[in-house]
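Notes follow the structure.
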Amino acid sequence: MAGCVARRALAVCSRWWSRSLTGARGPRPFCAAGGAGAFPPAATTTRRHLSSRNRPEGKVLETVGVFEVPKQNGKYETGQLFLHSVFGYRGVVLFPWQARLYDRDVASAAPEKAENPAGHGSKEVKGKTHTYYQVLIDARDCPHISQRSQTEAVTFLANHDDSRALYAIPGLDYVSHEDILPYTSTDQVPIQHELFERFLLYDQTKAPPFVARETLRAWQEKNHPWLELSDVHRETTENIRVTVIPFYMGMREAQNSHVYWWRYCIRLENLDSDVVQLRERHWRIFSLSGTLETVRGRGVVGREPVLSKEQPAFQYSSHVSLQASSGHMCFSDPQGYVPLREA
């Protein structure tokens with residue numbers, strides 16, 4: 001797995017929001033105080049409201065929208081409003097990506113497994129097509145999720161000679177289909193993000209009532225080489241599920257040599273009732289040029305996140321560069337390989 005998870009008993013601060021349920025039937029409106037909504041089961045009509053335990057004095061909860069039934073099949077369209085089922089932020093779908101999901105939990109449950117031709121002592125895992133979405137995060141929710149998920153995780157290589165220069169667009173994320181909780185809103189600008197009105201146009205005749213502007217189509221076309229995700233890797237060890245998404249960012253020349261850059265996004269989820277904490281990371285990074293780099297240290301991105309039943313997930317992004325166009329990274333588990341190949 002991605003790092004060493006140490007079990008420990010400790011008190012964890014409650015989530016910034018709480019849920020209250022009533023037995024009322026009918027539509028399911030939800031309220032928020034500068035934050036996200038509740039997480040409803042797909043087949044219930046229970047009315048759900050939010051109340052914040054830590055909201056500022058005098059802060060009034062306002063109705064945000066009405067939940068829709070999540071789609072079991074098909075995909076969500078551009079302009080769909082949603083709540084993230086794990087991190088709880090409000091967002092809007094920009095466009096979908098079709099990825100290959102390599103789920104080692106499913107592979108390990110199969111009765112017969114073939115050896116991986118690539119070696120490494122691992123078993124062959126067949127990828128299945130899975131839908132992910134490029135989304136905008138509501139800026140009002142970013143402060144509330146910053147300790148559990150980075151809000152500036154989508155980075156790009158700068159367009160100049162400095163091979164290590166990166167820039168980020170805040171409030172972009174990748175969301176799996178099953179993490180989308182769709183809702184509707186009567187607000188013509190329901191998501192606060194500097195790109196919302198540049199990318200989307202309100203059209204009350206459409207469903208959802210937000211359609212892509214030409215600027216969104218042009219932005220997707222221009223940036224898709226380093227926005228598009230192709231492979232997603234997932235595996236569970238000791239009830240900690242790790243999901244890894246690598247992105248090829250491009251090649252830069254530095255000191256008469258080529259440097260190939262990748263971004264990777266990692267999500268850790270605690271599927272158990274025990275409280276765990278990420279204390280250490282241990283990466284081994286192999287390049288086809290024949291080099292091996294070992295990275296080991298405390299926590300990840302300067303944090304040692306605690307995963308509890310109340311806050312079960314943590315997501316972060318980082319970067320790696322190789323001297324060759326392909327390679328792979330592995331966790332402390334020698335079978336946990338993430339291939340890196342030039343797009």
Side-chain angles (χ1 to χ4, degrees), residues 26-30 36-46 48 64-103 105-107 125-138 149 154 171-188 190-191 193 195-196 199-214 216-221 223-224 227-234 241 243 245 247 265 267 269 313 315:
R28 292 168 290 161
F30 59 95
F39 306 159
T44 180
T45 56
T46 302
R48 293 174 180 242
V64 174
V66 177
F67 284 118
E68 298 178 314
V69 176
K71 289 186 177 181
Q72 301 301 314
N73 300 303
K75 64 178 184 291
Y76 296 104
E77 302 297 329
T78 295
Q80 176 65 60
L81 302 173
F82 71 93
L83 297 180
H84 195 294
S85 67
V86 176
F87 298 114
Y89 63 73
R90 289 165 287 182
V92 62
V93 170
L94 295 181
F95 42 79
W97 295 118
Q98 294 300 308
R100 293 187 301 273
L101 173 62
Y102 297 90
D103 194 333
D105 297 336
V106 174
V125 180
K126 293 184 178 180
K128 296 182 64 175
T129 301
H130 195 70
T131 303
Y132 278 73
Y133 299 95
Q134 194 87 58
V135 307
L136 291 181
I137 302 173
D138 194 309
S149 179
V154 179
L172 282 177
D173 198 6
Y174 295 84
V175 182
S176 178
H177 181 84
E178 63 269 20
D179 287 339
I180 296 285
L181 295 177
Y183 73 91
T184 59
S185 173
T186 58
D187 191 345
Q188 294 189 17
I191 302 298
H193 191 288
L195 296 177
F196 183 86
F199 283 170
L200 298 169
L201 175 68
Y202 180 77
D203 185 344
Q204 62 180 355
T205 66
K206 303 292 185 179
F210 302 99
V211 297
R213 293 181 182 269
E214 184 57 38
L216 175 58
R217 300 187 184 97
W219 183 79
Q220 180 185 9
E221 177 64 25
N223 296 298
H224 79 86
L227 282 175
E228 185 172 3
L229 72 165
S230 58
D231 297 344
V232 180
H233 303 267
R234 179 186 297 165
R241 182 165 62 193
T243 303
I245 309 176
F247 301 84
C265 178
R267 186 160 113 183
E269 295 176 85
Q315 179 173 296

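Each residue takes its place number in the sequence, starting with 1. Remember, it's a predicted structure, so these values are computed and weren't measured experimentally.
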Distance-only polar pair, side chains of Asp179 and Tyr133, donor-acceptor under 3.5 Å:
no
In chain order, what residues pass the side chain to side chain contact (heavy atoms under 4.5 Å, CB included) check against Pro190, with sequence neighbours excluded?
Leu81, Ser185, Asp187, Phe196, Phe210
Those residues that, when tested against Ser149, pass side chain to side chain contact (heavy atoms under 4.5 Å, CB included) (two or more places apart)
Phe87, Gln315
Check step by step if side-chain contact (heavy atoms from CB on, under 4.5 Å) holds for Glu68 and Thr184.
CA-CA 7 Å; Glu68 298 178 314; Thr184 59; 2.9 Å; yes
If we ignore hydrogens and angles and just use 3.5 Å, is the side chain of Thr78 paired with the main-chain N or O of Leu94 as donor and acceptor?
yes
Give a yes or no answer on whether the side chain of Tyr174 reaches the backbone of Leu227 with a donor-acceptor pair at less than 3.5 Å.
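Indeed, once roles are kept as given, a pair shorter than 3.5 Å links the two residues.
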Tell me whether Glu77 is salt-bridged to Lys75, with the criterion being a basic N under 4.0 Å from an acidic carboxylate O.
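Between Lys75 and Glu77 there is no salt bridge, as every charged N stays at least 4.0 Å from the carboxylate O atoms.
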Just one of Gln134, His224, Glu228 clears the side chain to side chain donor-acceptor pair (under 3.5 Å) bar with Trp97, so which one?
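Of Gln134, His224, Glu228, side chain to side chain donor-acceptor pair (under 3.5 Å) with Trp97 is met by Gln134 alone.
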Is any side-chain heavy atom of [Y] closer than 4.5 Å to one of [X]?
X      : Y      : value
His193 : Ile137 : no
Asp173 : Val154 : no
Val125 : Tyr102 : yes
Thr243 : His233 : no
Val64  : Arg90  : yes
His84  : Val135 : no

Tell me, with the steps shown, if Leu200 and Arg213 meet side-chain contact (heavy atoms from CB on, under 4.5 Å).
CA-CA 5 Å; Leu200 298 169; Arg213 293 181 182 269; 5.7 Å; no
Among all residues two or more places apart in sequence or in another chain, which pass the side chain to side chain donor-acceptor pair (under 3.5 Å) test with [X]?
X      : value
His130 : Ser176, Glu178
Thr205 : Asp203
Gln220 : none
Tyr76  : none

Show the nearest heavy-atom pair for residues [X] and [Y], with the distance to one decimal.
X      : Y      : value
Ile191 : Asp138 : CA-OD2, 3.5 Å
Asp231 : Ile245 : O-CG2, 3.7 Å
Tyr132 : Arg234 : OH-NH2, 3.9 Å
Phe247 : Cys265 : CE1-CB, 4.3 Å

Greater than 12 external heavy atoms within 6.0 Å of Lys71's NZ
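Yes, the 6.0 Å shell around NZ holds more than 12 heavy atoms from other groups.
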What do you reckon, is CD of Gln204 surrounded by more than 12 foreign heavy atoms closer than 6.0 Å?
no
Step by step, work out the ring pair (Phe, Tyr, Trp, His ring centres under 6.0 Å) result for Phe199 and Trp219.
CA-CA 9 Å; Phe199 283 170; Trp219 183 79; 5.1 Å; yes
Could you go through Tyr183 and Val66, starting from their C-alpha distance and side-chain angles, then the distance that decides it, and tell me whether this counts as side-chain contact (heavy atoms from CB on, under 4.5 Å)?
CA-CA 5 Å; Tyr183 73 91; Val66 177; over 6 Å; no
